[in-house]
Number of protein chains: 2
Amino acid sequence: MNVALPVSSTEPTARQQAVLDVVLALFAEQGDRVTMDAVARRASCSKETLYKWFGDREGMLNATVRWQASRVGFTPVDLARLDLVSLRRCLEEFAANWLSVISSPTSIALNRVAIGQAAGGAPLGIIVLENGRFALGKRLKPVLEAGRDAGLLAFEDSETAFRTFFGLFARDVQIRLLLGDRTIQPSLRIKEEAAHATQQFLALHGATPPSGVASA
Amino acid sequence: MNVALPVSSTEPTARQQAVLDVVLALFAEQGDRVTMDAVARRASCSKETLYKWFGDREGMLNATVRWQASRVGFTPVDLARLDLVSLRRCLEEFAANWLSVISSPTSIALNRVAIGQAAGGAPLGIIVLENGRFALGKRLKPVLEAGRDAGLLAFEDSETAFRTFFGLFARDVQIRLLLGDRTIQPSLRIKEEAAHATQQFLALHGATPPSGVASA
DNA sequence: ACCTAAGCGTAACGAACGTTACGGTTCGGA
DNA sequence: TCCGAACCGTAACGTTCGTTACGCTTAGGT
């Protein structure tokens with residue numbers, strides 16, 4: 001499995017990227033039920049080429065997940081001069097970015113496929129986890145620690161603090177989306193929910209109590 | 001689809017329950033890849049019987065989800081005499097119960113199947129949601145409101161308050177389990193995590209600040 | 001101009017699996 | 001005792017789909 005593309009590093013060519021984008025589009029449309037034939041037809045390439053490039057079906061799915069993961073970008077933050085305002089805005093942006101990413105049809109479809117494959121020993125779920133939840137933690141923990149160093153936050157373990165923040169903004173959104181709940185419409189209130197979660201996190205872990213703003 | 005068992009109410013017979021338990025066991029073992037043949041063999045029944053009972057494969061999966069959902073029980077609480085100690089204990093039990101349920105192999109497998117089916121328009125995900133997350137909310141919100149009436153809690157919307165509590169104890173546990181993360185071992189620390197989440201929830205929404213206990 | 005590699009389109013093979021059909025067996029009731 | 005319904009075990013059918021193979025076209029290098 002996965003002959004032409006080794007498990008790490010090698011970036012797919014432009015043509016290959018176009019094929020992987022087709023796979024993503026088909027994921028969003030039909031979920032896991034993506035056949036090699038449908039990919040080849042939509043991408044106007046031959047199945048033989050698919051097998052030459054990706055080895056087998058699992059390799060193609062693997063490359064697709066990596067391709068999508070390589071595109072999620074984070075806006076780096078300036079940790080040197082950090083005050084309560086910039087910290088709050090940074091946390092709100094992180095939360096809002098996360099909420100908007102996991103609400104996108106592409107992300108939902110990708111997570112569904114990864115979860116379906118995770119039933120076996122497939123590493124797809126781990127890849128999604130590594131590039132989603134854990135990548136977020138790696139980016140956010142330095143911010144939290146800088147906030148603590150600046151006397152703005154108080155906590156012992158940055159991992160625990162991050163998981164608290166994660167729970168406050170993620171709540172039940174992801175599981176409801178994955179299970180197909182249509183009564184949830186997070187796209188409209190992302191800003192408000194991110195602000196709310198940040199407010200609550202600062203109420204729990206802020207060194208100085210936030211002045212005059214009640215957690216509605 | 002689903003001929004013999006109408007979509008609601010009718011309870012399966014003991015023999016049918018045994019078959020559904022076999023399906024659950026196979027879910028836990030092999031995930032979504034459960035064939036009618038494997039079910040018939042393990043359950044020592046004929047495939048013709050399966051089709052007579054459940055209509056088709058989707059009907060069988062449907063009945064399985066309902067069967068498992070019918071078994072999750074909640075311990076009712078006495079809302080009349082509620083003080084801070086009993087409220088705290090009640091919240092901790094809810095959180096601990098939820099964490100232990102979603103950590104069980106059966107629940108993980110069931111959620112994976114439901115999420116996989118949710119890609120199409122299948123109602124499996126909605127059923128799981130209805131009997132999991134929403135059932136929890138229906139049970140917990142009266143408790144929260146009773147706590148508010150007793151002057152122990154302060155919040156505007158019980159739904160919002162519940163989602164905050166949900167986020168505080170669920171955090172990233174469910175998505176990590178679903179994606180196959182093996183570095184997470186919630187079974188050992190469920191009590192501590194439930195107590196921690198309850199502590200944080202009371203810090204956010206408790207009317208009287210909890211005396212002398214720092215949120216570690 | 002020729003050769004080779006890459007790639008497209010299509011056909012075909014084979015396995016897995018949902019679904020149906022059939023013959024034999026058990027068991028409760030008339 | 002006899003009948004019929006329910007059920008078991010197994011075989012068979014048809015579809016889907018992953019995988020492979022083949023013929024043809026195109027482009028770049030010598």
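No hydrogens, no waters, no symmetry mates; every other heavy atom, side chains included, goes into these values. Letters A, B, ... mirror the listed sequences (proteins, then strands); counts begin at 1.
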- Given atom CD of B:Q16 and atom C1' of D:dC7, what is their separation to the nearest angstrom? 12 Å
- What is the distance, rounded to the nearest whole Å, between atom CG of A:L61 and atom C1' of D:dG18? 13 Å
- Item | Integer-rounded Å distance: C:dT20 C1' and B:L50 CG | 13 Å
- Task: Starting at atom NZ of A:K52, determine the distance to atom P of D:dG18, rounded to an integer number of angstrom.
- Result: 20 Å
- Task: In sequence, state the C-alpha distance, the side-chain angles, and the governing distance for B:F166 and B:W98, and then conclude on side chain to side chain contact (heavy atoms under 4.5 Å, CB included).
- Result: CA-CA 9 Å; B:F166 183 93; B:W98 173 259; 3.4 Å; yes
- Item | Interatomic distance where OH belongs to B:Y51 and P belongs to D:dA11 [whole Å] | 18 Å
- Message: Using only modelled atom types and a 3.5 angstrom limit, is any donor from either the side chain of B:K47 or the base of D:dT10 paired with an acceptor on the other?
- Response: no
- Query: So, is A:S46 close to the C:dG9 phosphate, meaning a side-chain N or O under 4.0 Å from OP1 or OP2?
  - Reply: no
- Task: Ignoring hydrogens and angles, answer whether the base of D:dC7 and the side-chain atoms of B:E48 contain a donor-acceptor pair closer than 3.5 Å.
- Result: no
- Query: Does B:R42 pair with B:E29 as a salt bridge, N-O distance under 4.0 Å?
  - Reply: yes
- Message: I want to check one thing: is the phosphate of D:dC7, taken as OP1 and OP2, less than 4.0 Å away from some side-chain N or O of B:W53?
- Response: yes
- Message: Judged by each residue's nearest nucleotide on DNA chain D, which is more toward the 5′ side, B:A43 or A:M36?
- Response: B:A43
- Task: Go through the side-chain N and O atoms of A:S103 and A:S100 and say whether any donor and acceptor fall under 3.5 Å apart.
- Result: no
- Task: Look at B:R15 and D:dC8 and indicate whether a side-chain polar atom (N or O) is within less than 4.0 Å of OP1 or OP2.
- Result: yes
- Query: CG of B:D37 versus C1' of C:dT20: gap in Å, rounded?
  - Reply: 14 Å
- I would like to know whether B:S107 and B:Q68 meet side chain to side chain contact (heavy atoms under 4.5 Å, CB included); could you show each step before the answer? CA-CA 9 Å; B:S107 167; B:Q68 169 69 8; 5.7 Å; no
- Can you find a side chain N or O atom of B:R57 that sits less than 4.0 Å from OP1 or OP2 on C:dT20? no
- Task: Grab the CZ-P distance between B:R33 and C:dA15 for me, whole Å please.
- Result: 18 Å
- Message: Below the 4.0 Å mark, does D:dC7 have OP1 or OP2 next to a side-chain nitrogen or oxygen of B:T49?
- Response: no
- Message: Any base atoms under 4.0 Å from A:V34, or only sugar-phosphate, or nothing? Heavy atoms, all strands.
- Response: sugar-phosphate
- Nearest-Å distance, CZ (A:F54) to C1' (C:dG7)? 14 Å
- Query: Would you call B:E130 and B:R66 a salt bridge, using N to O less than 4.0 angstrom?
  - Reply: no
